*Asks:* 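Dropping the structure in here first, questions after.
As the structure is a computational prediction, the values presented were derived from the model and not from experiment.
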Amino acid sequence: MKIEDFFKEINNGKLRGAQAKMARDLHTSTATTNRYFSGEQVPSEQAIKDLAHIYKKSEEEIKEIFNVYEKEKPIQHNVKNKDCQIQQIIGNFEAELIKEKLKSLEAKLDLLIQLAKEGK
C-alpha cells in the first residue's frame, strides 16, 4: 500500500486533512505526520505500535507503508535527507581539513618559538 493510499484510508477516502487527523490520533504535531508523509522521517518503534493499534494494521504493514526497514536494510531517504547527509559529510570533511591545518600551524609556531629561544 502506498503512503498516500494509507492516509486516504484513515480519513474516509480524502487525502486533505489526513495528516492532521493522524496527528490528533497519535497525540503528536502535524509537522511530525507531515515528515512521515514526505518520507523525511520514519515513525519511531512506539509510533509504529500506536499506528498499528489505532488503524487496525499489523506492525509489519505499517513499516511497509512508511518504508521502515531493519537496520541491515537501507532506509529509503528522499532528496532533502540526502542533501542533509551530504552537507554533514562536507562539514565533517571541512572540519578535518581545518584540524590538519591547525596542527601544521601549531608545529610551525612551536618551531618558531624554539628558534627564538635559541636566538636564531
*Asks:* Apply side chain to side chain contact (heavy atoms under 4.5 Å, CB included) to I113 and K117, showing your working.
*Replies:* CA-CA 6 Å; I113 290 170; K117 284 180 180 177; 3.8 Å; yes
*Asks:* Look up atom NZ in K2 and atom CD1 in I65, then write down how far apart they are to the nearest 0.5 Å.
*Replies:*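 One finds 13.5 Å between NZ of K2 and CD1 of I65.
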*Asks:* Identify, with sequence neighbours excluded, every residue that meets ring-ring contact (aromatic ring centres under 6.0 Å, His included) alongside F37.
*Replies:*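 Partners of F37 by the ring-ring contact (aromatic ring centres under 6.0 Å, His included) criterion, ordered by chain and then number, come out as F7.
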*Asks:* Check A23 against T33 and note the closest heavy-atom contact, atom names and distance.
*Replies:*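 Heavy atoms only, the tightest pair is N-CG2, 3.6 Å.
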*Asks:* Can you name the side-chain contact (heavy atoms from CB on, under 4.5 Å) partners of K99, sequence neighbours left out?
*Replies:*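 Residues passing side-chain contact (heavy atoms from CB on, under 4.5 Å) with K99: E96.
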*Asks:* Is any side-chain heavy atom of N11 less than 4.5 Å from a side-chain heavy atom of L15?
*Replies:*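 Side-chain contact under 4.5 Å: no.
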*Asks:* Would T32 and S29 satisfy side-chain hydrogen bond (donor to acceptor under 3.5 Å, both in side chains), going step by step from the backbone distance to the final call?
*Replies:* CA-CA 5 Å; T32 297; S29 69; 3.0 Å; yes
*Asks:* Rounded to the nearest 0.5 Å, what's the gap from NZ on K8 to CD1 on I3? Could you check?
*Replies:*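 K8 NZ to I3 CD1: 13.0 Å, rounded to 0.5 Å.
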*Asks:* Looking at CG of L105 and CG of L112, how far apart are the two atoms once the value is rounded to the nearest 0.5 Å?
*Replies:*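 Taking CG in L105 and CG in L112, the distance rounds to 10.5 Å.
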*Asks:* With distance as the sole test, does N67 use its side chain to make a donor-acceptor pair with the main-chain N or O of G39 at under 3.5 Å?
*Replies:*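 It does not hold such a pair.
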*Asks:* Please assess Q46 against D50 for the test side-chain hydrogen bond (donor to acceptor under 3.5 Å, both in side chains), listing each intermediate value before the final yes or no.
*Replies:* CA-CA 6 Å; Q46 185 59 52; D50 293 342; 3.0 Å; yes
*Asks:* When you compare the side chain of M22 with that of I10, does any pair of heavy atoms fall below 4.5 Å?
*Replies:*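 SC-SC contact between I10 and M22 confirmed.
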*Asks:* Main chain of S58, side chain of E61: is a donor-acceptor contact present, judged purely on distance under 3.5 Å?
*Replies:*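 Present.
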*Asks:* Say you draw a straight line from CD of E40 to CZ of R35; how long is it, rounded to the nearest 0.5 Å?
*Replies:*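 Answer for the CD-CZ pair, E40 versus R35, is 6.5 Å.
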*Asks:* Run the side chain to side chain contact (heavy atoms under 4.5 Å, CB included) check on K63 and E45 step by step: do they pass?
*Replies:* CA-CA 9 Å; K63 287 179 180 181; E45 282 298 317; 3.9 Å; yes
*Asks:* Measure the shortest side-chain to side-chain distance between E106 and K101 over non-hydrogen atoms and say whether it is less than 4.5 angstrom.
*Replies:*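 E106 does not reach K101 side chain to side chain.
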*Asks:* Checking side chain to side chain contact (heavy atoms under 4.5 Å, CB included) for the pair L51/F66: CA distance, chi angles, key distance, verdict?
*Replies:* CA-CA 11 Å; L51 287 163; F66 290 98; 3.9 Å; yes
*Asks:* Compare all side-chain heavy atoms of Y36 with those of T28 and state whether any distance is below 4.5 angstrom.
*Replies:*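 They are not in contact (no side-chain heavy atoms under 4.5 Å apart), so the answer is no.
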*Asks:* Answer yes or no: is there an ion pair linking K56 with E9, defined by an N-O contact shorter than 4.0 Å?
*Replies:*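 Result for this pair is no, no salt bridge flagged.
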*Asks:* Within the structure provided, determine whether M1 and E64 are in side-chain contact (heavy-atom separation under 4.5 Å).
*Replies:*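 Sidechains of E64 and M1: no contact.
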*Asks:* List in chain and number order the residues that pass salt bridge (charged side-chain N to carboxylate O under 4.0 Å, His left out) with K21, two or more places apart in sequence or in another chain; answer none if no residue qualifies.
*Replies:*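 Expected list: D25.
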*Asks:* Please round to the nearest 0.5 Å and tell me the distance separating atom CG of L26 and atom CD1 of I54.
*Replies:*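 One finds 4.5 Å between CG of L26 and CD1 of I54.
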*Asks:* Can E59 and K49 be said to form a side chain to side chain contact (heavy atoms under 4.5 Å, CB included), step by step?
*Replies:* CA-CA 6 Å; E59 290 180 26; K49 290 177 185 179; 3.3 Å; yes
